[in-house]
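Okay, structure first, notes after.
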Amino acid sequence: MEQNEVISNLTDAVVNGKKDDAIAFAEKALELGIDPYLAVIEGLAKGMEIMGEKYDKKEAYMPQLMMASNAMYGGMNILTPHLKKEDGEKSAVVIIGSVEGDVHDIGKNLVKTMMTANGFEAVDLGKDVEINDFAQAAIDHQADVISLSTLMTSTMDNMEATIKHIHDQGIRDKVKILIGGAPVTQAFADEVGADGTATDAMEAAKLAKELIIGLTADRWN
């Protein structure tokens, strides 16, 4: 079995919501020496992107998305421990969740996957996360990045409220804040005091890596 076939099968496993297949082909990827990062990005994450597009077009519904997400994480659990990290390098920590009032998490899950594939330790707070919880999680985990997600314009105000709370807790200079989701624009990110936004999960992970370069290692001491 060749690399392209394994990666294609990983994508298909996610699209079809087959967790056992995702696990089996993730193990096959490791057996064949395929770069785990490539298997995640071109295989598992691509499958989730396809399902996200199908959902937007009403060609797939929440049960299929949940099965696809379950399959993706089955494969991720196999591949994540093998993602390359420099010797002795501490993983940067990202706190991620959908803001209070928003129960959607497909986009958030995809960002989490990309963050993990890019070496972050992701602390997933889930969906409909209370405003105060992001700051507390950042303090508890001495986070580098907080990533806020929403799919609805009605909950965008809670992004602003969450950022304000982070300010009020006196930790704004210790973390970088990314926001994202369908209604979010760069102008809105600037308005609410976020450090940036991205058009897709891959760009979000790339931006996060760029932003944390300026953070000092002793800032939580």
Side-chain angles (χ1 to χ4, degrees), residues 14 37-38 40-57 65 68-69 72-73 76 80 83 91-127 129 134-135 137-138 141 143-164 166-167 172-215:
V14 173
Y37 179 81
L38 192 67
V40 170
I41 300 299
E42 297 295 332
L44 297 172
K46 184 177 179 181
M48 205 64 214
E49 285 180 349
I50 291 171
M51 289 305 291
E53 291 170 1
K54 284 179 175 287
Y55 181 74
D56 288 342
K57 296 175 182 176
L65 283 182
S69 183
M72 179 182 71
Y73 283 119
M76 283 291 294
T80 298
L83 292 169
S91 295
V93 177
V94 56
I95 308 297
I96 188 167
S98 300
V99 295
E100 188 171 325
D102 195 319
V103 297
H104 302 89
D105 64 358
I106 298 303
K108 182 267 296 177
N109 287 345
L110 196 51
V111 172
K112 175 187 172 184
T113 298
M114 293 301 184
M115 291 284 195
T116 303
N118 278 275
F120 283 87
E121 176 189 341
V123 178
D124 188 356
L125 302 184
K127 53 195 176 184
V129 180
F134 286 98
H141 296 275
D144 300 277
V145 178
I146 297 176
S147 178
L148 310 176
S149 172
T150 189
L151 193 65
M152 305 185 298
T153 54
S154 59
T155 53
M156 290 173 73
D157 285 349
N158 287 336
M159 282 185 160
E160 184 173 12
T162 299
I163 294 172
K164 182 180 184 301
I166 292 166
H167 269 286
R172 181 63 184 90
D173 61 338
K174 300 181 188 299
V175 294
K176 297 298 182 179
I177 300 175
L178 296 181
I179 62 175
V184 175
T185 63
Q186 184 61 55
F188 178 74
D190 293 340
E191 179 185 332
V192 299
D195 291 297
T197 185
T199 55
D200 58 44
M202 179 75 81
E203 286 300 315
K206 181 181 176 183
L207 179 57
K209 289 186 74 172
E210 292 172 354
L211 288 172
I212 63 173
I213 292 173
L215 293 176

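The basis for the numbers below is simple: all heavy atoms, side chains too, and nothing from hydrogens, waters or symmetry mates. Only a predicted model underlies this, so the values are computations on that prediction, with no experimental measurement involved.
Side chains of V40 and L38 form no contact here, defined as non-hydrogen atoms less than 4.5 Å apart. The closest side-chain heavy-atom distance from N158 to T150 is not below 4.5 Å. A 4.5 Å side-chain heavy-atom check between V123 and I96 finds every atom pair outside the cut-off. Two residues are said to be in side-chain contact when any heavy atoms from C-beta on lie closer than 4.5 Å; Y37 and N118 meet this criterion. Between M156 and P183, the closest side-chain pair of non-hydrogen atoms falls below 4.5 Å. Inter-residue side-chain proximity for M48 and L44 is flagged as unmet; no heavy-atom pair is nearer than 4.5 Å. The shortest side-chain heavy-atom distance between E203 and D200 falls under the 4.5 Å cut-off.
Counting all heavy atoms, side chain and backbone alike, R172 lies closest to G193 at NH2-O, 3.0 Å. Considering every non-hydrogen atom in both V145 and A208, the closest pair reads CG2-CB, 4.4 Å. The nearest pair of heavy atoms linking T113 to A45 is CG2-CB, 4.5 Å. The minimum heavy-atom distance linking L215 with K174 is given by the pair CD2-O, 4.0 Å. Nearest heavy-atom pair across V14 and G47 is CG1-C, 3.6 Å. A117 and L83 make their closest contact through CA-CD1, 3.5 Å (heavy atoms, listed as atom of the first residue, atom of the second, distance).
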**Message:** For Y55 and I106: C-alpha separation, side-chain torsions, deciding distance, then whether side-chain contact (heavy atoms from CB on, under 4.5 Å) applies.
**Reply:** CA-CA 10 Å; Y55 181 74; I106 298 303; 5.7 Å; no
Margin query: Go through it in stages, so that I can follow the logic: the residues are H167 and I163, the test is side-chain contact (heavy atoms from CB on, under 4.5 Å), and I'd like the CA-CA distance, side-chain angles, deciding distance and then a yes or no.
Written below: CA-CA 6 Å; H167 269 286; I163 294 172; 4.0 Å; yes
Go through it in stages, so that I can follow the logic: the residues are K108 and D124, the test is salt bridge (Lys or Arg N to Asp or Glu O under 4.0 Å), and I'd like the CA-CA distance, side-chain angles, deciding distance and then a yes or no. CA-CA 9 Å; K108 182 267 296 177; D124 188 356; 2.9 Å; yes
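At least one donor-acceptor pair closer than 3.5 Å links the side chain of Y73 to the backbone N or O of N109. Under the 3.5 Å distance criterion, the side-chain polar atoms of D144 are matched with a main-chain donor or acceptor of V93. Distance alone, capped at 3.5 Å, places no donor-acceptor pair between the T155 side chain and the G101 backbone. Side-chain atoms of S98 never come within 3.5 Å of backbone atoms of V103 as a donor-acceptor pair (strictly under, hydrogens ignored).
Going from atom CD1 of I166 over to atom CD1 of I95 covers 10.0 Å, rounded to the nearest 0.5 Å. Considering CG of D195 and OG of S147, their distance stands at 11.5 Å, rounded to 0.5 Å. Atom OG1 of T162 is separated from atom CE of M159 by 8.5 Å, given to the nearest 0.5 angstrom. Distance check, rounded to the nearest 0.5 Å: NZ of K127 to CD of E100 gives 15.0 Å. Atom CE of M72 sits about 11.5 Å away from atom CE of M51, to the nearest 0.5 Å. Separation of atoms CD1 (I146) and CG (L178) is listed at 10.0 Å; rounding is to 0.5 Å.
At least one cation-pi condition fails for K209 and F120: the charged atom is not both under 6.0 angstrom from the six-membered ring centre and inside a 45 degree cone around its axis.
There is no side-chain donor-acceptor pair under 3.5 Å between T116 and T80.
For NZ of K46, the number of neighbouring non-hydrogen atoms (other residues, nucleotides, ligands) closer than 6.0 Å is 12 at most.
Here K112 does not pair with D105 in a salt bridge; the nearest charged N to carboxylate O distance is not below 4.0 Å.
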